[in-house]
Amino acid sequence: MTDADLGADLAVVVGATGSIGSAVVERLVGRGLRVLAVARSKESLDELAARLPGVLPCVADIGDASAVGAIGAGVEAALAQRPGGVRMAVFAAGLPVRGSAETIDPSMLAVGADVKMGGLLRLVHAVRDHLVRGSRIVTFAGSLGLEPRATEAGPGAINAGVFNLMRQLSLIYGPRGVTTHTISPGPADTPRLRRIVEAVAAERGEPFDAVWASYAAENSLGRLPTAAEVAWGVTVLLDPEADLMHGSVMYLDAGGHRGIH
């Protein structure tokens, strides 16, 4: 499929105004796709749409059941303007909880799971009637879901569930010709990670720079991936050959994973 062919199709990106989400939107628009950009802030969505022609704003809280109807209505309106299908559904919303098993409010684990796992299913339910053969379901799941760290109970436990849920979706949608893909970038150089590092540094009583350097040092490449680099991985999945990556995990972590998965 050429980029010209993609113009008739639609991508849906949840978490479209975040660091990685907005980079994904920019990449997909650059490949000729229209993008239904989903986020909670109308102001941020309007700014994104003003910067990137081809972006259709959709205000929705993916942590709420109403998101299914809101996203579904946005998809219907977009496809009424230009018939096609949902070529790609991307879940790029961040996890709203952090803290070690010693410090986290246990109830926040349920909140995080509702956003990352419940939100993923809300996205799928909103677009499933418009998926066609060759469509992609894509989500992000941090490396802590595979390789736990003592400082982050939520990302570890909840992302482990995301890996499992995506495997379940692969078994359901694969026979329909719709492929599923999990991208595991590990820590990336984003404002969100900097806020996390600030919190970890405060908990440890260590300087920010020292903690930041420790994150980068865990990657054998010696640096953290950027949001733009991670977003590049999503565009690879537009190629028809990516069918063969169905059900798999893309590790875009600059050599951060240690286990053999």
query: Heavy atoms, side chains only, cut-off 4.5 Å: are R34 and L79 in contact?
result: yes
- request: Could you tell me whether the side chain of V75 reaches within less than 4.5 Å of the side chain of D129, counting heavy atoms only?
  value: no
field: Any I71 side-chain heavy atom under 4.5 Å of I62 side chain
entry: yes
query: Could D239 and R31 be called an ion pair, given the rule that one side-chain N must be under 4.0 Å from one carboxylate O?
result: yes
- prompt: Atom CZ in R133, atom CZ in R176: separation rounded to 0.5 Å?
  reply: 11.5 Å
- request: Go through the steps for F140 and L252 under the test side-chain contact (heavy atoms from CB on, under 4.5 Å), then give the verdict.
  value: CA-CA 10 Å; F140 288 87; L252 304 181; over 6 Å; no
task: Find the distance between CH2 (W232) and CD1 (I183) and round it off to the nearest 0.5 Å.
output: 9.5 Å
message: Applying side-chain contact (heavy atoms from CB on, under 4.5 Å) to V97 and I158, what does each step give before you reach the verdict?
response: CA-CA 10 Å; V97 298; I158 295 164; 4.1 Å; yes
field: Criterion side-chain contact (heavy atoms from CB on, under 4.5 Å) on I172 and T180, from CA distance to verdict
entry: CA-CA 10 Å; I172 295 170; T180 68; over 6 Å; no
OG1-CG distance between T179 and L169, expressed to the nearest 0.5 angstrom: 11.5 Å
statement: Minimal heavy-atom distance between S170 and G247, with the atoms involved, is CB-CA, 3.9 Å
Distance, nearest 0.5 Å, that separates OG1 of T139 from CZ of F163: 9.5 Å
statement: The reported gap from CG in D46 to NZ in K42 (rounded to nearest 0.5 angstrom) is 3.5 Å
message: Quick one, R128 with Y173, criterion side-chain contact (heavy atoms from CB on, under 4.5 Å). Give me CA distance, side-chain angles, the key distance, then yes/no.
response: CA-CA 10 Å; R128 59 188 171 187; Y173 283 91; 3.6 Å; yes
query: Charged N to carboxylate O below 4.0 Å: is that the case for R122 and D114?
result: yes
- request: Give a yes or no answer on whether the side chain of R136 reaches the backbone of L238 with a donor-acceptor pair at less than 3.5 Å.
  value: no
task: Could you tell me which non-hydrogen atom of L95 sits nearest to which non-hydrogen atom of G112, and how far apart they are?
output: CD1-O, 3.7 Å
task: Please round to the nearest 0.5 Å and tell me the distance separating atom CZ of R87 and atom CG of L237.
output: 9.0 Å
- request: Please check if atom CD in E198 has more than 12 non-hydrogen atoms from other residues, nucleotides or ligands closer than 6.0 Å.
  value: yes
